[in-house]
Amino acid sequence: DLAQVMGCQQLLLSGGEPTIYRKLSAVTSYLKEKHLAFGLITNARMLSNVEFLEKLQHDGLVYVYVSFLSADPRIQELLTGTNSFEQVSAGIRNCVKYNLDVKVNITLTRQNVSSLMPTVKLLQRLGVKCVKISFVELKKSSSSSSLKYYYVISKQKLMNQSNNREIKNFIVMPGVK
């Protein structure tokens, strides 16, 4: 109710993982009743279930922000600790099929940087129109006496690695020069 009083027309649900919240259906039904659209920040695994996705869209789901780490299922599993590659891919594909606004974030790590371009190409094949690339922010811990330095690829170097103009226009890297 406060969101409406403040003039909000859309809410963003995040968590943990909002799609596994037991009362999500009640929340989204309430949002529908209040004529509030909503988006999700999600891993998209549950969105591989078409009935689940249709219910959310019926209740006002318009936007999905998904974390996806690699086109290589082994790297995706290594980084997430789950065997989720097929479910996440299907969830992204379903969201595109249902005409949701889909944005995918790839957090670059030393484990997945070599699979970045194949990952972007896979996301294009899945129908994703916007990919955001982010970097892990490293902080010195109080227990560490020395700061370690890590190589971070620049946007220019990344763009130079790709001869494909479509991919160059496809990647969004806010704040990275």
Side-chain angles (χ1 to χ4, degrees), residues 9-20 24 37-50 52-54 56-57 60-139 150-177:
Q9 297 175 3
Q10 183 175 329
L11 296 176
L12 186 60
L13 307 178
S14 62
E17 174 54 44
T19 61
I20 60 173
L24 180 62
F38 67 95
L40 294 173
I41 297 176
T42 179
N43 62 28
R45 290 180 73 178
M46 290 294 294
L47 304 178
S48 64
N49 177 324
V50 172
F52 183 78
L53 177 59
E54 286 176 343
L56 291 175
Q57 190 175 35
L61 178 64
V62 295
Y63 171 79
V64 179
Y65 185 87
V66 180
S67 179
F68 189 76
L69 299 171
S70 180
D72 182 333
R74 295 168 298 172
I75 295 173
Q76 177 82 9
E77 183 173 341
L78 171 74
L79 293 173
T80 64
T82 63
N83 185 9
S84 61
F85 180 82
E86 293 300 327
Q87 280 184 315
V88 174
S89 298
I92 292 169
R93 188 179 307 107
N94 286 345
C95 289
V96 169
K97 179 180 174 183
Y98 280 80
N99 296 311
L100 296 173
D101 180 7
V102 179
K103 290 184 179 54
V104 176
N105 181 62
I106 303 169
T107 301
L108 281 185
T109 68
R110 64 188 149 99
Q111 292 92 347
N112 70 352
V113 70
S114 63
S115 68
L116 178 61
M117 295 317 293
T119 303
V120 170
K121 289 177 183 179
L122 170 64
L123 292 169
Q124 280 185 305
R125 286 193 306 275
L126 292 174
V128 174
K129 303 275 190 251
C130 183
V131 169
K132 177 182 178 261
I133 298 170
S134 57
F135 303 93
V136 175
E137 286 189 36
L138 302 171
K139 296 181 181 177
Y150 294 86
Y151 174 75
V152 177
I153 191 168
S154 70
K155 180 178 181 179
Q156 189 59 46
K157 185 166 185 165
L158 178 64
M159 295 300 106
N160 290 342
Q161 286 181 358
S162 171
N163 295 327
N164 184 330
R165 184 149 68 234
E166 284 183 25
I167 289 178
K168 287 182 182 181
N169 293 330
F170 180 72
I171 298 173
V172 177
M173 298 174 67
V176 177
K177 297 182 181 182

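Every value quoted in this text rests on a predicted model; they were computed, and no experiment measured them.
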For Cys130 and Val128, the nearest pair of non-hydrogen atoms, with its separation, is O-CG1, 3.3 Å
Passes side chain to side chain contact (heavy atoms under 4.5 Å, CB included), Leu79 versus Thr109? Steps please.
CA-CA 9 Å; Leu79 293 173; Thr109 68; 3.8 Å; yes
Would you compute the distance between atom CZ of Phe38 and atom CD of Gln57 and round it to the nearest 0.5 angstrom?
9.5 Å
Under the side chain to side chain contact (heavy atoms under 4.5 Å, CB included) criterion, do Leu116 and Ile133 qualify, and how do the steps go?
CA-CA 9 Å; Leu116 178 61; Ile133 298 170; 4.1 Å; yes
Strictly by ring-ring contact (aromatic ring centres under 6.0 Å, His included), give each pair with a member in residues 75-114 just once, sequence neighbours left out.
Phe68-Phe85
If the condition is side chain to side chain donor-acceptor pair (under 3.5 Å), which residues does Ser115 pass it with, not counting sequence neighbours?
Ser70
Shortest non-hydrogen contact from Ser48 to Asn94?
O-ND2, 3.1 Å
To the closest 0.5 Å, what do you measure between CD1 (Ile75) and CD (Gln111)?
8.5 Å
Kindly write out the residues that satisfy side chain to side chain donor-acceptor pair (under 3.5 Å) with Gln87, not counting sequence neighbours, or none if the list is empty.
Arg45
Of all heavy-atom pairs linking Val66 and Ala44, the shortest is CG1-CB, 3.7 Å
Distance-only side-chain donor-acceptor flag, Ser67 / Asn105, under 3.5 Å
no
Just verifying a value: how many Å separate Lys103 NZ and Ile41 CD1, rounded to the nearest 0.5 Å?
12.0 Å
Pairs satisfying salt bridge (charged side-chain N to carboxylate O under 4.0 Å, His left out), at least one member in residues 74-96, at least two apart
Asp72-Arg74
Interatomic distance, CG@Leu56 vs CG@Leu100, rounded to 0.5 Å, equals 9.0 Å
Residues at least two apart in sequence or cross-chain that pass side chain to side chain donor-acceptor pair (under 3.5 Å) with Ser89, listed by chain then number, are none
Leu108 CG to Ser134 OG distance, which is reported to the nearest 0.5 Å
7.5 Å
Side chain of Asn112, backbone of Thr107: donor and acceptor closer than 3.5 Å?
yes
Test applied, side chain to side chain contact (heavy atoms under 4.5 Å, CB included); reference residue, Leu13; option that passes from Thr42, Thr19, Leu40:
Leu40
So, the side chain of Asp101 versus the backbone of Val62: is there a donor-acceptor pair under 3.5 Å, distance only?
no
Closest heavy-atom pair, Asn43 versus Val88, reported as atoms and distance to 0.1 Å, is O-CG2, 3.3 Å
Give me the atom names and distance for the closest heavy-atom approach of Tyr65 to Lys132.
OH-CD, 3.4 Å
Sequence neighbours left out, what passes salt bridge (Lys or Arg N to Asp or Glu O under 4.0 Å) with Arg125? Give chain and number order.
none
For Cys95 and Leu53, which heavy atoms make the closest approach, and how far apart are they?
N-CD2, 4.0 Å
Atom CG of Leu24 and atom CE of Met46: how far apart are they, to the nearest 0.5 Å?
9.0 Å
